[in-house]
J.: 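I have a structure here, written as structure tokens, and I will follow up with some questions on it.
So you know, we letter chains A, B, ... as the sequences are listed, proteins then strands, and number each from 1.
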Amino acid sequence: MTAAAPDPLTAPEPVHTALTSWYHRAARDLPWRRRDCSAWGVLVSEAMLQQTPVSRVVPRWHEWMRRWPTPQHAAEAPVAEILTVWDRLGYPRRALRLQESAQVIVDRHGGQVPQTAAELRQLPGVGEYTAAAVACFAFDQPEVVVDTNIRRVHARVFAGDALPGKTYTSDQRRLAHSVFPDPAVDDGELACTWNIAVMELGALVCTARSPSCTACPVAEFCAWRLAGSPPPTEQQRTRAQTWAGTDRQVRGAIMAALRTGGPAARSDLLAELPLPAVDMVQRSRCMESLIADGLAEQRQDKVALPGALA
DNA sequence: AACACGGGGTT
DNA sequence: AACCCAGTGTT
């Protein structure tokens with residue numbers, strides 16, 4: 001008769017072993033994970049992957065890297081081209097921040113992507129997650145990486161919760177650190193693999209809606225499953241966000257028109273947006289906000305992507 | 001801590 | 001129609 005499994009929270013080593021072993025077997029072959037991918041390629045991927053699924057990023061990443069294989073190339077590109085290649089990845093201000101990062105890398109880092117999380121964190125559009133992710137995935141530094149997948153896996157396996165809750169709390173940050181493999185043991189190699197392995201488990205197996213617990217390499221350790229997989233509490237469930245009629249939808253429609261149609265008369269462009277229920281006050285407000293964000297430009301009565309009005 | 005910020009596939 | 005996605009910056 002074997003003893004009950006030890007608490008993974010105080011003894012996470014078996015979880016490290018099971019999960020990293022699974023990763024080596026099951027990981028997807030994504031272009032930014034290949035050995036020959038540059039640090040710039042990793043940074044581009046992380047910017048694109050902020051709130052955008054992998055499947056939609058892959059083709060845009062290839063096109064971006066084909067056109068702008070180094071920070072120097074991206075730094076010199078016309079803004080209108082940057083936004084056009086970004087296409088419908090969403091949150092186009094991310095494209096602006098990525099180009100600004102390229103310019104900072106050229107101006108202040110000799111064209112080389114900085115290697116420490118602290119330096120990366122100073123780049124525009126690079127927050128706590130992206131700084132740690134680039135330091136780890138591009139430069140093998142054992143930073144603690146925490147994204148939405150990792151928060152969910154930690155919540156289930158170690159905390160026994162169905163979902164992690166909406167905001168990243170200090171408790172969750174402490175948990176992520178407490179289960180992180182000791183970087184001293186093998187120069188951080190296990191720690192880096194752990195980051196990507198937990199993320200991959202959250203993406204492929206421990207998904208938000210319908211986790212595949214029967215296929216999970218750490219099911220035997222999972223506090224949530226061992227507790228009977230209780231459903232998420234009302235607190236853990238996210239609140240419904242409507243989409244139709246929001247400024248975000250209107251801004252997106254304006255950007256789509258500017259990308260595909262080129263410069264146009266402002267009144268015509270706003271009138272022809274395929275959004276019948278949205279009044280002109282809102283259309284105009286959104287046009288102004290896009291101009292204020294540097295995503296569009298107006299001269300006289302003409303509007304266009306930035307730099308497209310000669 | 002709560003919001004704003006895109007867009008499309010899945011349930 | 002709601003939910004979800006390799007988050008960041010602002011208030």
J.: Measure CD/A:Gln50 against C1'/B:dG8 and give the value in whole Å, please.
T.: 18 Å

J.: May I have the distance from A:Asp247 (atom CG) to B:dG6 (atom C1'), rounded to whole angstrom?
T.: 13 Å

J.: A:Val278 and A:Val281: same hydrophobic cluster, using ILVMFWY side-chain contacts below 4.5 Å?
T.: no

J.: From the set B:dC5, C:dA6, B:dA1, return the single nucleotide nearest to any side-chain atom of A:Ile196.
T.: C:dA6

J.: Taking the same atom, C1', in B:dG6 and in C:dC4, what whole-Å distance lies between them?
T.: 13 Å

J.: Would you mind checking if A:Arg121 and A:Glu143 are paired as a salt bridge, meaning a charged N to carboxylate O distance below 4.0 Å?
T.: no

J.: Could you check whether the side chain of A:Thr52 and the base of B:dG6 have a donor-acceptor pair of N or O atoms closer than 3.5 Å, going by distance alone?
T.: yes

J.: Show me, pair by pair, the donor-acceptor contacts under 3.5 angstrom made by side chains of residues 78-86 of chain A, not counting sequence neighbours?
T.:
{"residue": "A:Glu81", "atom": "OE1", "partner": "A:Arg67", "partner atom": "NH1", "Å": "3.1"}
{"residue": "A:Thr84", "atom": "OG1", "partner": "A:Ala80", "partner atom": "O", "Å": "2.7"}
{"residue": "A:Trp86", "atom": "NE1", "partner": "A:Gly90", "partner atom": "O", "Å": "3.0"}

J.: At under 4.0 Å, does any side-chain N or O of A:Thr246 touch on OP1 or OP2 of B:dC5?
T.: no

J.: Just the rounded figure in Å: distance from P of B:dC3 to OH of A:Tyr91.
T.: 14 Å

J.: Side-chain donor-acceptor pairs under 3.5 Å in residues 299-310 of chain A, sequence neighbours left out?
T.:
none

J.: Provide the distance between the two P atoms, one in B:dT11 and one in C:dA6, to the nearest whole Å.
T.: 14 Å

J.: Taking any heavy-atom pair under 4.0 Å as a contact, classify A:Asp293: base, sugar-phosphate, or nothing.
T.: nothing

J.: May I ask you to verify whether the side chain of A:Gln51 and the base of C:dG7 hold a donor-acceptor pair under 3.5 Å?
T.: yes

J.: Would you mind reading off the distance between A:Glu143 atom CD and C:dA6 atom C1', rounded to a whole angstrom?
T.: 16 Å

J.: Go through the steps for A:Leu98 and A:Trp64 under the test side chain to side chain contact (heavy atoms under 4.5 Å, CB included), then give the verdict.
T.: CA-CA 11 Å; A:Leu98 181 55; A:Trp64 182 290; 3.5 Å; yes

J.: Applying a 4.0 Å non-hydrogen cut-off, can you work out what A:Leu30 is touching in the nucleic acid: base, sugar-phosphate, or nothing?
T.: base

J.: Can you tell me the distance, in whole Å, between the CG atom of A:Leu295 and the C1' atom of B:dA4?
T.: 13 Å

J.: If I take atom CH2 in residue A:Trp243 and atom C1' in nucleotide C:dC4, what distance separates them, rounded to the nearest angstrom?
T.: 14 Å

J.: Reckon A:Ala133 touches a base, only the sugar-phosphate, or nothing at all at heavy-atom distances under 4.0 Å?
T.: nothing

J.: Can you tell me the distance, in whole Å, between the CD atom of A:Gln282 and the C1' atom of B:dA4?
T.: 14 Å

J.: Walk me through it: do A:Glu46 and A:Val126 pass the test side chain to side chain contact (heavy atoms under 4.5 Å, CB included)?
T.: CA-CA 9 Å; A:Glu46 294 300 345; A:Val126 174; over 6 Å; no

J.: Could you state the CD-C1' distance from A:Gln172 to B:dA1, rounded to the nearest angstrom?
T.: 13 Å

J.: Given the structure, check if the side chain of A:Arg88 and the base of B:dG6 hold any donor-acceptor pair shorter than 3.5 Å.
T.: no

J.: Quick test: give all pairs of protein nitrogen or oxygen and nucleotides 9-11 of chain B nitrogen or oxygen below 3.5 Å, distance rounded to 0.1 Å.
T.:
{"residue": "B:dT11", "atom": "O4'", "partner": "A:Arg209", "partner atom": "NH1", "Å": "3.4"}

J.: Look only at the side chain of A:Thr20 and the backbone of A:Trp194, and say whether a donor-acceptor pair between them is shorter than 3.5 Å.
T.: no

J.: Hey, does A:Ile150 reach any base, or is it just sugar-phosphate, or nothing, if we go heavy atoms under 4.0 Å?
T.: nothing

J.: Can you list, by residue number, the residues of residues 39-48 of chain A that have a non-hydrogen atom closer than 4.0 angstrom to DNA chain C?
T.: A:Glu46

J.: If you round to the nearest 0.5 Å, how far is CZ of A:Arg88 from OG1 of A:Thr52?
T.: 13.5 Å

J.: Does a side-chain N or O of A:Arg152 approach OP1 or OP2 of C:dC5 to a distance below 4.0 Å, or not?
T.: yes

J.: Looking at A:Arg285 and A:Glu288, is any side-chain nitrogen of the basic one under 4.0 Å from a carboxylate oxygen of the acidic one?
T.: no

J.: If you look at every strand shown and take non-hydrogen atoms under 4.0 Å, does A:Trp86 touch a base, only sugar-phosphate, or nothing?
T.: nothing

J.: Applying the side chain to side chain contact (heavy atoms under 4.5 Å, CB included) test to A:Tyr129, which of A:Asp147, A:Leu49, A:Val134 qualifies?
T.: A:Asp147

J.: Donor-acceptor pair, distance only, cut-off 3.5 Å: does the side chain of A:Thr207 make one with the backbone of A:Ala203?
T.: no

J.: List every contact pair, protein side and nucleotides 9-11 of chain C side both N or O, where the distance is under 3.5 Å.
T.:
{"residue": "C:dG9", "atom": "OP1", "partner": "A:Gly125", "partner atom": "N", "Å": "2.8"}

J.: Calculate, to the nearest 0.5 Å, the distance between atoms CG and CH2 belonging to A:Leu163 and A:Trp224 respectively.
T.: 7.5 Å

J.: With nearest nucleotide decided by heavy atoms, which residue, A:Thr169 or A:Ala256, maps closer to the 5′ end of DNA chain B?
T.: A:Thr169

J.: Going by the rule salt bridge (Lys or Arg N to Asp or Glu O under 4.0 Å), which residues pair with A:Arg251 if we only count those two or more places apart in sequence or in a different chain?
T.: A:Asp293

